K.L.:
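Handing you a structure now.
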Amino acid sequence: KHGTVRKDHDDTDLGYITDGSYVVYKNMDFETGAQGFRVNAASESAGGSIEIRVGGVNGTLLGTCDITGTDGWTKFKEFECKTKQCTGVNDVYLVFTGTEDFLFNVADFSFYGIKGDINGDRVVDTFDLILGRQALTGKTELAGLAKSNADIEPDDKIAVSDMVKLQKFLLGGTKTL
């Protein structure tokens with residue numbers, strides 16, 4: 001069952017989402033792996049859930065993101081959930097579930113990696129700090145999850161302050177990134 005999903009509002013949102021409907025995004029590159037999923041959604045109803053799957057609507061379940069009511073179909077809020085590790089290029093299926101006639105609208109979504117894991121080996125260590133410093137000096141260019149993981153202060157840029165936080169973390173000066 002494909003269900004009902006169609007563009008809404010400014011012709012970019014997914015709207016009129018019903019139970020059992022889904023969308024597929026072909027050839028998404030997870031590179032060395034994602035840790036979680038974020039979605040901007042809005043709902044005037046009780047909401048529902050998004051099952052994140054690869055390989056088909058009944059494929060491997062990476063995670064489930066619960067969406068609650070936001071008091072309006074255009075009052076978007078960010079929701080997130082952890083995902084199982086998925087690497088490489090995959091077809092991603094977002095399968096929508098819930099009990100209301102219309103569940104919620106989706107403005108956008110993204111996957112995110114492990115903060116500080118710049119080289120993508122799923123471990124935050126000195127090698128990540130070296131790679132981050134090389135990016136700051138222009139010796140290497142980061143892209144995709146590597147760039148996102150190096151942006152420890154989420155401001156859409158890699159700065160000295162990001163590498164200082166990473167270094168403090170590695171030296172035990174802080175427990176979290």
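None of these values were measured; they are calculated from a predicted model.
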K.L.:
So F37 and L94, do their side chains get closer than 4.5 Å, heavy atoms only?
P.N.:
yes

K.L.:
Under a plain distance cut-off of 3.5 Å, with no hydrogens placed, do N149 and D117 share a side-chain donor-acceptor pair?
P.N.:
no

K.L.:
Roughly how far apart are N40 CG and I67 CD1, rounded to 0.5 Å?
P.N.:
9.5 Å

K.L.:
Please walk me through it: do N90 and M28 pass side-chain contact (heavy atoms from CB on, under 4.5 Å)?
P.N.:
CA-CA 5 Å; N90 291 277; M28 286 191 71; 5.8 Å; no

K.L.:
Mark yes when over 12 heavy atoms from residues, nucleotides or ligands other than D101 sit less than 6.0 Å from its CG; otherwise mark no.
P.N.:
no

K.L.:
Which side-chain N or O atoms in residues 134-144 pair as donor and acceptor under 3.5 Å with protein atoms at least two apart or in another chain?
P.N.:
unit_1: T137; atom_1: OG1; unit_2: R133; atom_2: O; d: 3.3
unit_1: T137; atom_1: OG1; unit_2: Q134; atom_2: O; d: 3.1

K.L.:
Of all the heavy-atom pairs spanning A46 and E100, show the shortest one and how long it is.
P.N.:
CB-OE2, 3.8 Å

K.L.:
Quick one: are F111 and I52 in side-chain contact, heavy atoms under 4.5 Å?
P.N.:
yes

K.L.:
F96 pairs by ring pair (Phe, Tyr, Trp, His ring centres under 6.0 Å) with which of F102, Y16, F104?
P.N.:
F104

K.L.:
T70: which residues meet the side chain to side chain contact (heavy atoms under 4.5 Å, CB included) condition with it, sequence neighbours left out?
P.N.:
A42, K75, K77, F79

K.L.:
Side-chain heavy atoms nearer than 4.5 Å, only ILVMFWY residues, links allowed to pass through others: does that put F30 and V39 together?
P.N.:
yes

K.L.:
Would V124 and V164 show up in the same hydrophobic cluster when neighbours are defined by side-chain heavy atoms closer than 4.5 Å?
P.N.:
yes

K.L.:
Which atoms form the tightest heavy-atom contact between F76 and V106, and what is the distance?
P.N.:
CE2-C, 4.1 Å

K.L.:
Look at the side-chain heavy atoms of Ile, Leu, Val, Met, Phe, Trp and Tyr, link any pair under 4.5 Å apart, and say whether I17 and Y25 land in one connected group.
P.N.:
yes

K.L.:
Hey, what do you get for CD (Q167) to OG1 (T174), rounding to the nearest 0.5 Å?
P.N.:
13.0 Å

K.L.:
Would the distance check show the side chain of T83 and the main-chain N or O of G63 forming a donor-acceptor pair, the cut-off being under 3.5 Å?
P.N.:
no

K.L.:
Flag yes if L145 and M163 sit in one hydrophobic cluster, no otherwise; membership is Ile, Leu, Val, Met, Phe, Trp, Tyr, and two members link when side-chain heavy atoms are under 4.5 Å apart.
P.N.:
no

K.L.:
Measuring from atom CG of L103 to atom CG of L14, what distance do you get when rounded to the nearest 0.5 angstrom?
P.N.:
12.5 Å

K.L.:
Between the main-chain N or O of D128 and the side-chain N or O of N119, is there a donor-acceptor pair closer than 3.5 Å?
P.N.:
no

K.L.:
Give me the atom names and distance for the closest heavy-atom approach of E153 to S161.
P.N.:
OE1-OG, 2.8 Å

K.L.:
Could you tell me which non-hydrogen atom of E80 sits nearest to which non-hydrogen atom of Y112, and how far apart they are?
P.N.:
OE2-OH, 2.8 Å

K.L.:
Does any N or O in the side chain of D13 come within less than 3.5 Å of the main-chain N or O of G15, such that one atom is a donor and the other an acceptor?
P.N.:
no

K.L.:
So among I118, I158, L166, which one has a side chain to side chain contact (heavy atoms under 4.5 Å, CB included) with I152?
P.N.:
L166

K.L.:
Are V160 and L170 in one and the same hydrophobic cluster, where Ile, Leu, Val, Met, Phe, Trp and Tyr link if side-chain heavy atoms are under 4.5 Å apart?
P.N.:
yes

K.L.:
Taking the side chain as everything from C-beta on, heavy atoms only, tell me whether D91 gets closer than 4.5 Å to N27.
P.N.:
yes

K.L.:
For E51, which residues count as a side chain to side chain contact (heavy atoms under 4.5 Å, CB included) partner, sequence neighbours excluded?
P.N.:
R53, L61, T64, V95, T97

K.L.:
Donor-acceptor pair, distance only, cut-off 3.5 Å: does the side chain of D151 make one with the backbone of S148?
P.N.:
no

